[in-house]
2 protein chains.
Amino acid sequence: MWDHAGVSGSGERGAVADRGGRPALTSARELAEVAQELFLERGFENVSVDDIAAAAGVSRRTFFRYFSTKADVLWVESPAELARFRELLAAAPPEEPYADVLCRAAPRALSHPPERRTWALHRAELLLTVPAVLEKATVRHTEWRRIATEFVAARRGSGPDDLVAIAVGHAVLAATVAAHEYWLAHPDQELPDIMARFLHLLVPAGTG
Amino acid sequence: MWDHAGVSGSGERGAVADRGGRPALTSARELAEVAQELFLERGFENVSVDDIAAAAGVSRRTFFRYFSTKADVLWVESPAELARFRELLAAAPPEEPYADVLCRAAPRALSHPPERRTWALHRAELLLTVPAVLEKATVRHTEWRRIATEFVAARRGSGPDDLVAIAVGHAVLAATVAAHEYWLAHPDQELPDIMARFLHLLVPAGTG
DNA sequence: CGACTTCTGGCACAGTGTGCCATAACCTCA
DNA sequence: TGAGGTTATGGCACACTGTGCCAGAAGTCG
């Protein structure tokens, strides 16, 4: 999940040296591209970091400067998606019920242009089926959840102990994960639609 | 989470040779005990498998015969808890609404005798705060969720594509995780109570 | 005793991730 | 042209994880 185009966040070194210094040989995106291709060909565990580095024309050591983990290479877009989620929530009209805002913002933050569809599907497949990758998901999931929780807490004027805010955060995450799994099983349907359905099922609506 | 006493499942070799052969020097439980102690003292990442093995009086190689991963040592009780969850669901009266059954069974499957309380808290802390451990949680979470989903699907007479069953499964898991996190922040409260509250908030009840 | 079974320990090996350091490639300013 | 600063790279050594392989220990049974 979290598949979408956008500007990479942390690992990005950029292809151009704008502040002087030696220009980078590659970029986080380029590495991610190469890696994902190899993963799809041979399977995640059958591709070593050396393989990725070699295919990208850099050294192993350099790879680990762009990504701190072999699995992290599949989460390049995550910071952009999280940022978009945050922005969509912040831009929502204050009088709109928070449940509605979330049900609208979450699918949109993870939507992608049509030409990226198969790419996103491939990515989702890797993220959801490869255990080693799935495990690394926890950190991103927590962040995604935290955004929703804090949004609800702010709307409700409550603190970090608000059971409802916590519950809604978990519900949003659960719906997101569920939707991606369902999408893999039914690639003919559209991810945002699936997400919306799960969100309406899962987000506690009775409380405003 | 998933903290409770019970008979370990897979890794258990037992302390007695009942089918002939050399008797085991240790047991999965014993290893887990030693390991958890070390983790609490020095922190998960500052304890190597060699350390655990040495403290338990076995070789590194033997440790990996009991547990396939260093983190797995913290999930010894998991099979027992999953089994209990399954049993509680199976034993529920068929006329009771599935949401009620789940809200009753889930907290009970993870409840523990009072003398294990601090032990369970320590365990939960390790499971929820140490990234390397948290990551390994996904597999157990999936199983926990699957049990709930299949139970609901059976009750509703639906298949694996039933959105409601999937959503409820995710809701049960979300409530379980949320409850454990909340418990860590409020150790004075009782875990089953917290779980019940989150379950009532999160499990879609409108659908029977 | 020998035959069979199970658990153990040691070793070698591939792979991951990190710290350290020398060096390459670019900038600006003189 | 060259010096000094900055950034990226590459190589090496190292600790650790997890696995395959195999010899051998320690029981049971006939």
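Note on naming: letters A, B, ... go to the chains in the order of the sequence lines (proteins, then strands), and numbering restarts at 1 for each one. Every heavy atom of this structure was used, including side-chain atoms; hydrogens, water molecules and symmetry mates were not. Remember, predicted model here, so these are calculated numbers, not experimental data.
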Partners meeting side-chain hydrogen bond (donor to acceptor under 3.5 Å, both in side chains) with His122(A) (sequence neighbours left out): none

Identify every side-chain donor-acceptor pair in residues 126-134 of chain B under 3.5 Å, counting partners at least two apart or on other chains, and give the distances.
residue   : atom : partner   : partner atom : Å
Thr129(B) : OG1  : Glu125(B) : O            : 2.5

Heavy-atom check, side chain of Tyr66(B) versus side chain of Thr26(B), under 4.5 Å: yes

Between dT16(C) (C1') and Glu135(A) (CD): distance, integer Å: 14 Å

Atom pairs and distances, side-chain donor-acceptor, residues 32-45 of chain A, under 3.5 Å, sequence neighbours left out:
residue  : atom : partner   : partner atom : Å
Gln36(A) : OE1  : Arg123(A) : NE           : 3.4
Arg42(A) : NH1  : Asp51(A)  : OD2          : 3.3

Residue pairs fulfilling salt bridge (Lys or Arg N to Asp or Glu O under 4.0 Å) with at least one residue in residues 177-198 of chain A, sequence neighbours excluded: Arg117(A)-Glu190(A), Glu181(A)-Arg145(B)

Sub-3.5 Å pairs of nitrogen or oxygen atoms, protein against nucleotides 17-21 of chain D:
residue : atom : partner  : partner atom : Å
dT17(D) : OP1  : Val49(B) : N            : 3.3
dT17(D) : OP2  : Val49(B) : N            : 3.3
dG18(D) : OP2  : Lys70(B) : N            : 3.0
dG18(D) : N7   : Arg60(B) : NH1          : 3.4
dG18(D) : N7   : Arg60(B) : NH2          : 2.9
dG18(D) : O6   : Arg60(B) : NH2          : 3.0
dG20(D) : N7   : Arg61(B) : NH2          : 3.1
dG20(D) : O6   : Arg61(B) : NE           : 2.7
dC21(D) : N4   : Arg61(B) : NE           : 3.4

Of the listed nucleotides dG9(C), dA24(C), dA26(D), the one nearest the side chain of Arg22(A): dA24(C)

All side-chain hydrogen bond (donor to acceptor under 3.5 Å, both in side chains) counterparts of Ser158(B), not counting sequence neighbours: Asp162(B)

Side-chain N or O of Ser59(A) closer than 4.0 Å to phosphate OP1/OP2 of dG11(D): no

Tyr66(B) side-chain N/O to dT8(C) phosphate OP1/OP2 under 4.0 Å: yes

